[in-house]
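Structure first, commentary second.
Position 1 is the first residue of the sequence; numbering continues from there.
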Amino acid sequence: GSALHTFLTNTAARPRTGSIPLAPLEREGIEDFLTALVKQPRTVRALSWPLTRASGGNPSVLLEVVRHLQTSGALSEVDGAWHPTGPIRHVGLPDSVRVLLLLRLVDLDPVQMQLLVAAAAQGPTFDVALLATVTGQKRLRLLTRLAVLERKHGVLASKGRGTLRF
């Protein structure tokens, strides 16, 4: 796996370690982050939207995706700045990020997985009231289960009143 995966795995195994949830970066923060990584305004503009969609504003995911684009040859370095070698219309998640996501999902019970699958049918953001209707669960019980998925497993985040995102 990647250096990030190795670090996280080793850190999680140590006693008295934990994680601090951070809010996702907004579009401006993503562009600042990309500017620091690629040092080329045109590349920042080309990557900003696809990386915003792929990462959800998660800085770790942004870093891993940019590294993947660099090592795969989609970006090439010229005079200390990174430039696309061709059009970048879609950016997928590299294996290093998929492994991190799978590590979060492995501890979920079947009911939690079913909730996530039902929620994912709505897209990257979902409405809790609609999820309650689809799953047939009472709203309070559903909110309790979603709170566990958010706080303990870090697979969801609140997006505002009655809406969550992956």
Side-chain angles (χ1 to χ4, degrees), residues 1-13 17-34 37 44-69 72 74 87-166:
S2 71
L4 177 61
H5 175 259
T6 303
F7 172 76
L8 292 174
T9 302
N10 291 340
T11 302
T17 60
S19 62
I20 300 170
L22 302 174
L25 297 174
E26 298 294 332
R27 182 76 180 253
E28 185 178 319
I30 290 170
E31 290 176 357
D32 290 345
F33 193 83
L34 288 173
L37 292 174
V44 171
R45 286 191 299 277
L47 292 177
S48 181
W49 177 242
L51 285 184
T52 297
R53 292 190 67 202
S55 71
N58 182 315
S60 296
V61 174
L62 280 168
L63 182 60
E64 287 292 314
V65 171
V66 170
R67 282 185 182 155
H68 174 71
L69 292 171
S72 70
I88 298 177
R89 292 184 184 92
H90 172 74
V91 176
L93 295 178
D95 289 341
S96 58
V97 174
R98 291 180 193 277
V99 167
L100 292 175
L101 292 173
L102 288 173
L103 286 172
R104 288 187 177 188
L105 297 177
V106 79
D107 291 332
L108 301 181
D109 64 42
V111 172
Q112 291 170 322
M113 283 300 291
Q114 288 173 346
L115 276 179
L116 290 179
V117 168
Q122 292 185 48
T125 61
F126 63 93
D127 180 76
V128 174
L130 180 58
L131 184 61
T133 301
V134 168
T135 61
Q137 292 192 31
K138 296 198 183 296
R139 187 173 170 85
L140 183 58
R141 178 73 174 137
L142 177 62
L143 288 170
T144 302
R145 287 184 170 151
L146 293 172
V148 170
L149 288 168
E150 180 179 15
R151 289 189 199 114
K152 182 178 177 189
H153 299 288
V155 295
L156 299 175
S158 177
K159 183 132 171 103
R161 190 168 174 91
T163 305
L164 289 145
R165 68 171 178 77
F166 289 97

How far does CG of Leu51 sit from CG of Asn58, to the nearest 0.5 angstrom? 12.0 Å
Kindly give the heavy-atom pair with the smallest separation between Leu105 and Met113, and that separation in Å. O-SD, 4.3 Å
Residues Pro24 and Gly56: closest non-hydrogen pair is CB-O, 3.2 Å
Please give me the minimum heavy-atom distance between Ala54 and Leu93, naming the atom from each residue. O-CD2, 3.4 Å
Over all atoms of both residues, closest heavy-atom pair of Gln122 and Asp127: OE1-N, 2.8 Å
Does Glu64 reach the main-chain N or O of Pro94 with its side chain, forming a donor-acceptor pair under 3.5 Å? no
Taking the side chain as everything from C-beta on, heavy atoms only, tell me whether Val61 gets closer than 4.5 Å to Leu100. no
Would a 4.5 Å heavy-atom cut-off, applied to side chains only, mark Val128 and Arg139 as touching? yes
Between the CG atom in Leu115 and the CG atom in Leu108, the distance rounded to the nearest 0.5 Å is 10.0 Å
Nearest-0.5 Å distance, NZ of residue Lys138 to CG of residue Leu143: 13.5 Å
Is there a side-chain contact between Leu47 and Leu69 in this structure, where contact means two heavy atoms from C-beta onward sitting under 4.5 Å apart? yes
Looking at Arg27, I want to see if its CZ is surrounded by more than 12 non-hydrogen atoms of other residues, nucleotides or ligands under 6.0 Å. yes
Arg104 (side chain) donor-acceptor with Gly154 (main chain) under 3.5 angstrom: yes
If you draw a 6.0 Å radius around CD in Glu26, do more than 12 non-hydrogen atoms from other residues or ligands fall strictly inside? no
Would you say Phe166 and Leu156 make side-chain contact, with heavy atoms under 4.5 Å? yes
Are side-chain heavy atoms of Leu146 and Leu131 found at a separation under 4.5 Å? yes
Identified side-chain hydrogen bond (donor to acceptor under 3.5 Å, both in side chains) partner of Arg145 from the options Gln112, Gln137, Glu150: Gln137
Could you measure the distance from the CG atom of Asp32 to the CG atom of Leu37? Nearest 0.5 Å is fine. 11.0 Å
Heavy atoms of Thr135 and Ala118 approach each other most closely as CG2-CB, 3.9 Å
Can you see which heavy atom on Ile88 is nearest to which on Ala74, and at what distance? CD1-O, 4.2 Å
